[in-house]
S.K.: 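Please see the structure below; I have some questions.
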2 protein chains.
Amino acid sequence: MDKGLIGGSTVLMLLSLLQEKEYYGYEIIKEIEQRSNCIFQFKEGTLYPVLHRMESQGLVKSYKATAETGKERKYYQITVKGKTQLAKEKEQWNAFTISVKKVLGGAGYACP
Amino acid sequence: MDKGLIGGSTVLMLLSLLQEKEYYGYEIIKEIEQRSNCIFQFKEGTLYPVLHRMESQGLVKSYKATAETGKERKYYQITVKGKTQLAKEKEQWNAFTISVKKVLGGAGYACP
DNA sequence: TGACATACTTAGAATATCTAGGTAATATAT
DNA sequence: ATATATTACCTAGATATTCTAAGTATGTCA
C-alpha cells in the first residue's frame with residue numbers, strides 16, 4: 001500500500017479505534033491489520049511515534065500496565081479533545097473522498 | 001483540507017485529468033478547484049514540482065506553446081506508462097478507501 | 001538452545017509538501 | 001498613465017512525516 005495515501009488517515013483510524021475501547025500499541029497494529037484484511041500493515045517504527053505525537057497533542061492519554069503474560073503494555077485512551085478531533089477528521093475524510101471522486105468523475109461546478 | 005490526505009491522491013487525480021485531454025499546469029489547478037467545489041486548492045509551488053517529477057518518471061510528457069493570449073503555456077500529455085500507472089493507482093485508491101471504511105466500521109477478519 | 005511472537009523505543013535516512021519568493025505578460029480598474 | 005489582479009511558469013529551502021533499522025526485554029514452543 002502506498003505510503004502517501006495512508007499518511008492522512010492514520011490519525012483518523014487510530015482515534016476511531018480508541019473511541020471503541022482502549023488499546024495498546026502493538027494491539028492496534030494487529031487490529032488494523034485484521035480489519036483491513038492485511039491491506040494496512042503498520043510497522044512499529046511508524047505507529048509508535050504517531051501515538052507519541054498524538055499524546056503530546058492531548059488527543060490521547062496513556063498508562064502502563066503489566067499483562068498476565070508478564071509483558072508491559074502501554075494503553076492509550078481517547079480524550080475529550082481527541083473525540084472532537086475525531087469528528088473533524090471524519091468530516092474531512094468524507095469531504096476528501098467525495099472530492100476525489102468528483103475530480104475523477106469529471107463533474108464541474110463554479111466556485112463561489 | 002489536510003495536506004496528508006491529499007498527498008497520496010495527487011498523482012491519481014492528475015493522471016485521470018490528463019487521460020481526458022492535455023492540460024497545462026495552471027489549467028489543472030483551476031480544473032481541480034472547480035471539480036472539487038474548491039475543496040482542493042493546489043498552490044503552484046505544490047503542483048509544478050509534482051508535474052516535473054511525473055515527467056522525469058515518464059508518466060507524462062510536455063511541450064511548450066504560446067496561447068492566443070500571448071502567454072506561454074506548458075502542455076502535459078499522459079504517456080502509455082502513465083496510463084498503466086493510472087490503472088494501478090485507481091485500484092490502490094479503491095482498496096485504500098474500502099480498507100479505511102472497514103477499520104472505521106469495525107469489521108474484522110483473519111489475515112492469511 | 002534457538003527461533004519466534006510479543007511489546008516498546010529512538011536515531012537518522014529518505015521523501016514529500018508547503019512557504020515564499022522570483023519572473024513576465026496581459027487585462028482591468030482608477 | 002498607473003496600480004492591481006490574473007494568468008503562467010519556476011525553484012530554493014524550511015517543515016513535516018514516514019520508513020528503515022537497530023536496540024531492549026520477556027515468554028513460548030520445538
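Note on naming: letters A, B, ... go to the chains in the order of the sequence lines (proteins, then strands), and numbering restarts at 1 for each one.
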S.K.: Ignoring hydrogens, what is the shortest heavy-atom contact between A:Gly25 and A:Tyr48? Give both atom names and the distance.
M.R.: CA-CE2, 3.9 Å
S.K.: Do B:Lys102 and B:Ile98 have side chains that get closer than 4.5 Å, going by heavy atoms?
M.R.: yes
S.K.: Within the structure shown, what part of the strands sits under 4.0 Å from A:Lys30 by heavy-atom distance: base, sugar-phosphate, or nothing?
M.R.: sugar-phosphate
S.K.: Write down the distance between CD (A:Glu33) and P (C:dA5), rounded to a whole number of angstrom.
M.R.: 12 Å
S.K.: Round to a whole Å and report the spacing from CD of A:Glu27 to P of C:dT6.
M.R.: 12 Å
S.K.: Please state whether the phosphate of D:dT11, meaning OP1 or OP2, lies under 4.0 angstrom from any side-chain nitrogen or oxygen of B:His52.
M.R.: yes
S.K.: Do B:Met54 and B:Val11 come close enough that some side-chain heavy atom pair is under 4.5 Å?
M.R.: yes
S.K.: Between C:dT15 atom C1' and A:Leu5 atom CG, what is the distance in whole Å?
M.R.: 15 Å
S.K.: Would you say B:Tyr24 places a side-chain N or O within less than 4.0 Å of OP1 or OP2 belonging to D:dA8?
M.R.: yes
S.K.: Can you check whether A:Arg53 has a side-chain N or O nearer than 4.0 Å to OP1 or OP2 of D:dT18?
M.R.: yes
S.K.: What residues form a side-chain contact (heavy atoms from CB on, under 4.5 Å) with B:Thr10, not counting sequence neighbours?
M.R.: B:Ile6, B:Leu14, B:Phe42, B:Val50
S.K.: Could you grab the distance from atom CD of B:Glu91 to atom CG of B:Leu12, nearest 0.5 Å is fine?
M.R.: 12.0 Å
S.K.: For B:Leu47 and D:dT7, give me the distance from atom CG to atom C1', rounded to whole Å.
M.R.: 15 Å
S.K.: What is the separation between atom CZ on B:Arg73 and atom P on D:dT6, rounded to the nearest whole Å?
M.R.: 17 Å
S.K.: Would you list the protein and nucleotides 14-16 of chain D atom pairs, both N or O, that sit under 3.5 Å from each other?
M.R.:
none

S.K.: Any Lys/Arg nitrogen of A:Glu27 or A:Lys21 sitting under 4.0 Å from an Asp/Glu carboxylate oxygen of the other?
M.R.: yes
S.K.: Are the side chains of B:Leu15 and B:Gln85 in contact, using a 4.5 Å heavy-atom criterion?
M.R.: yes
S.K.: Looking at A:Tyr48, does any N or O in its side chain come under 4.0 Å of the phosphate oxygens OP1/OP2 on C:dT9?
M.R.: no
S.K.: Could you check how far CD of B:Glu55 sits from C1' of D:dC10, rounded to whole Å?
M.R.: 14 Å
S.K.: Side chain of A:Lys74 only, please: which of D:dC9, C:dC8, C:dT17 is the nearest?
M.R.: C:dC8
S.K.: Rounded to whole angstroms, how far apart are CD on A:Gln41 and C1' on D:dC19?
M.R.: 15 Å
S.K.: Tell me whether the count of non-hydrogen atoms from other residues, nucleotides or ligands lying under 6.0 Å of CD in A:Glu20 goes above 12.
M.R.: yes
S.K.: Can you find a side chain N or O atom of B:Tyr26 that sits less than 4.0 Å from OP1 or OP2 on D:dT7?
M.R.: yes
S.K.: Going by salt bridge (charged side-chain N to carboxylate O under 4.0 Å, His left out), name the residues that satisfy it together with B:Glu68, two or more places apart in sequence or in a different chain.
M.R.: none
S.K.: Kindly write out the residues that satisfy side-chain contact (heavy atoms from CB on, under 4.5 Å) with B:Lys81, not counting sequence neighbours, or none if the list is empty.
M.R.: B:Leu59, B:Thr79
S.K.: How long is the line joining CZ of A:Phe42 and P of D:dT18, in whole Å?
M.R.: 9 Å
S.K.: Taking side chain as C-beta onward, heavy atoms only, is B:Ile32 less than 4.5 Å from B:Gln41?
M.R.: no
S.K.: Across nucleotides 20-30 of chain D, 5' to 3', mark each nucleotide with B, S or - according to how protein heavy atoms within less than 4.0 Å reach it.
M.R.: BB----BS---
S.K.: Short of 4.0 Å, heavy atom to strand atom, which residues of residues 81-101 of chain B count as contacting DNA chain D?
M.R.: none
S.K.: Taking C-beta and beyond as the side chain, do A:Lys71 and A:Tyr26 meet within less than 4.5 Å on heavy atoms?
M.R.: no
